[in-house]
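Letters go in sequence order (proteins before strands), and every chain restarts at 1.
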Amino acid sequence: MTDTQTFQLDGATVPFEPGQTVMQAALAAGQYIPHLCYHPEFKPHGSCKLCTVKANGHTTASCTMPAEAGLNVESNVEEMNSLRRTLVQMLFAEGNHFCPSCEKSGDCKLQALGYDLEVHTAGFRHLYPDRPLDASHPDILLDFNRCILCELCVRASSEVDGKNVFALSGRGIAKHLIVNAESGLLKDTNIALTDKAMQVCPVGVILKKRVGFSVPIGERRYDQRPISAQALDDAPRQSDAGGSCAACEGNP
Amino acid sequence: MNSELETAAHPENLRRIAIEPVSRVEGHGKVTLLLDENDRIHQVRLHIVEFRGFEKFVQGRPYWEAPVMVQRLCGICPVSHHLAASKAMDMIVGATLTPTAEKVRRLMHYGQMLQSHALHFFHLCSPDLLFGFDSDVAKRNIAGVAAAYPEIAKQGVLLRKYGQEVIRITAGKRIHGTGSIPGGVNKNVSIEERDYLLKDIEQMLAWSRDSIGIARQLFEQNLDLYNNFGTFKTHTLNLVREDGALDLYHGGLRVRDMNGATLFDHYDYRHYWDLIFEDVKLWSYMKFPFLRSLGPEQGWYRVGPLSRVTQCDFIPTPLANQARKSFMAFNGGSAASATLGFHWARMIEMLHAAELIQELLHDPDLQGADLVSKGQRQERGVGVIEAPRGTLIHHYKVDEHDQIIRCNLIVSTTHNNQAMNEAIRQVAQQYLNGRKLTEGLLNHIEVAIRAFDPCLSCATHALGKMPLEMELLDAEGGRIDVLTRSSDGM
C-alpha cells in the first residue's frame, strides 16, 4: 500500500507520492501548470519560471518545489497568469521570434503558451539580437535567434546522449547557447539526428534540415489542442522514467 | 509617348501638386505634378515611397523557409510569391513535380487569381466604373456600390470568398498558408474538401460570366472614354504555354513589340536576366525594368491580364476562350489595346480561373498521395509565374549549407512601372492640362493607376497599403496645399 498524501491546487485535491514535485503530482493528476523548461524525462531545472505558483502564499517554481501534505497551491489565478504573460513577452522580446516564417510554428511551445496565456501584445521593446545561424552541419540547422535558454538540449545531450554538444555561455542578458567544439560549429561535434538533444527543443532552434513546412497547417501539434490540454497527454511520467516522450515523438 | 513629362526642364519655377496617398490600390505611392502658372503640366511622376528589403533579409535563411517568408510581401496575392519561390526551390532541390503536387499548386493559384481579380474589380475599381471617375467622392467606394448595386457587391464578396476557400484548402490558410514546399506540396485535396468546393463552382462560373458582361457593357456605354483613357502603345511580356495558350502557372516568356511583332517567344525564364534588366531612378523606390535588346528608353513594357489575354494564341478553357474572341473583336480591337481594357481582360481571366478550378476538382490526381519529389541539388533557382498583376520572377542562389546567399525579386507591378507612369502622363495631358484641378480630375490619375491593379507593397517589397498624396507647392518649392488620402479613401 502506497503512502498517498494530498495537497490543494486551485481548490482541487491533488494526490502525490513522496519525492514528487508539485508539477509532477499536478500533471499526473490531470492538473495543468504552464511550463517551458520542465520536461518529464529530465531533472527539474527551474529556470524559465513559467511554472511559478503561490504555495502557502509564497511564490515558487512548482517544477522544483517538493509536494507537501496540506500545501495550498494557487496556479491558475490572474496574479500568476499575469506574471506568466510578462515572462512570455520577455522571452519573445529577447530573441528574434518571427512566427510567420518559422517552420516550428504550430509545434512551438513558446508560441502555444503565448496563445494559451492570451499574450496579445509585445509588451516590451524587442532587442533584435544579432545571432547568426549555424548551418555548418549537413543535416542539422541551429537557429539561435529563437533560443529561450531552457537548457533542455544541454540536459538531453549530457544526461541522455552522453555527448555534451551544447552549453550556455555568458551571464545575464549576454547568456547564450553555444556548441561545445573548438570551432564553435555543429559540424565539428558528434551530434546525430537520433540524439535526444534533437527532440527536445521547445522552440525552433535545433532543426532537422530540409524538413521545413512538410506538416500542413491543421496537423501540427498545437493546431488541434492548446498546450494546456496537450501537456497533460505527455504528463504522467516520472523524472526517472526514461524511454520516449510523447512530446518529442514525431518532432526530431 | 509622353516621356518628356518625366522630368521638367526647369522645375524651379513650377508649382507641385501631389496625390498622396493613391487610394484603392495596394501599398503606398504618390503622384506628383509640376504645373506652371497657366496650369500647364510639365512633369508627372508616380513615386513609390515604401521600402522593405526582403531581398536582403532573406539572405542567410534556409532555402525551405523562402516560400513562406517571402509571401509576407503581400496580403492580397501572397500565393503568387509562395508559388514563385516554391518553383525556384524546386530547381534548388532538383525536383520534377508529381502530378498531384502540380495540380494542387495550380488549384491554389487559380483560387488566388479568382479572389484577387474579384477584389480588384468589385472592391477597388467598381466605384469608379459604375459611378464615374469624377462622381461624388463620398459615394465612390465599395460601401456606395453596396448601396446602389447590392447584387453586384454581393457577387464580388462571394467570388472573393470562394477563391479564398480554394486557397485555404490547398495552402492551409486563406492568407499566408504553407501548402507549397520545395519539390511539391504538403497536402492533397480530400474528397470532402473537393465536394465542398464543387458545391458552389457553378455559381462562381455564372457570376464570372456576368462580370465579363459588366466590363463589356461599360465599354459599350462609354466607348470613346474607355477606348482612349490613358491609352498608349507598348511592348508586352508574359508567359505562354508551349502551344501558345494562356498559362498562368508555367511556360516560356513571350515578348512582343508595340506593333505586335514577336521579339522573343518561349524564352526560357531560367535565363531571364539575359532578356531584361532593371533601371533605377532617384525619385522612386520601385525599379524600372526594360528589355536589354531595346535599352532603358525604348525597352519598357507592360505585363498583366491585358498583355496575357491579348498576346496568348488562345485560352484553353471554352468559356473564357469565347470571351477572349469577343474581347479581341470588340469595336475593331479597340478594347484590347485600351488601358481600361485591363478590367475586361481581368474578368476573362477570372472566368478562366473558375473554369480551371472546376476542371481540376474533377481530376482524381488531386487526391494522390505522392506529394514531394527531389533530385540533383542545384545552387541556383528561378521561379516565374503569372501572378494576378502580371509576370512574377523569383531568383535565389543557395550555398552548400542550404542558406540563401542571393535573392532577386521582380514583381508584376515593377514591370509595369514605366507603363503606369506613361498612363498617368497620358491622362494628365488629356484631362488635367491647363485646367483648375479638382478632386474629381485628380481621381482620373488614380483611375489610370488602378487599371494596372498595382501592388506597390510587392513592387518595393515594402510595407502597407497604397494611399496617395497630391501636394501644391509655390514657385520656391514651399507647400501651399496638399490633398491626402489614406488607404480607406478618406
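- Residues forming a salt bridge (charged side-chain N to carboxylate O under 4.0 Å, His left out) with B:D365 (at least two apart in sequence, or on another chain): B:K103.
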Suppose we count any N or O donor within 3.5 Å of an acceptor, strictly below that value; which pairs fall between chain B and chain A?
from, atom 1, to, atom 2, distance (Å)
B:R61, NH1, A:D143, OD2, 3.2
B:R61, NH2, A:D143, OD2, 2.6
B:W64, NE1, A:E103, OE1, 2.7
B:E65, OE2, A:R146, NH2, 3.3
B:N186, ND2, A:F213, O, 2.9
B:H401, O, A:K209, NZ, 3.0
B:D402, OD2, A:R210, NH1, 2.5

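- When each of A:P100, A:C102, A:P132 is checked for heavy-atom pairs under 4.5 Å with chain B, A:P100 comes out on top.
- With sequence neighbours excluded, the residues satisfying side chain to side chain contact (heavy atoms under 4.5 Å, CB included) with A:C150 are A:C37, A:I148, A:L152, A:P202.
- Contact record, A:F213 with B:I181: O-CG2, 3.5 Å, taken as the closest heavy-atom pair.
- In this structure, A:I217 and B:G177 approach most closely via the heavy-atom pair CD1-CA, 4.0 Å.
- Proximity to chain A (any heavy atom under 4.5 Å) is shown, for B:A66, by neither the backbone nor the side chain.
- You'll find the side chain of A:P216 stays beyond 4.5 Å of the side chain of B:V185, heavy atoms only.
- Scored by the salt bridge (charged side-chain N to carboxylate O under 4.0 Å, His left out) test, B:R270 finds B:D268 as partners (sequence neighbours excluded).
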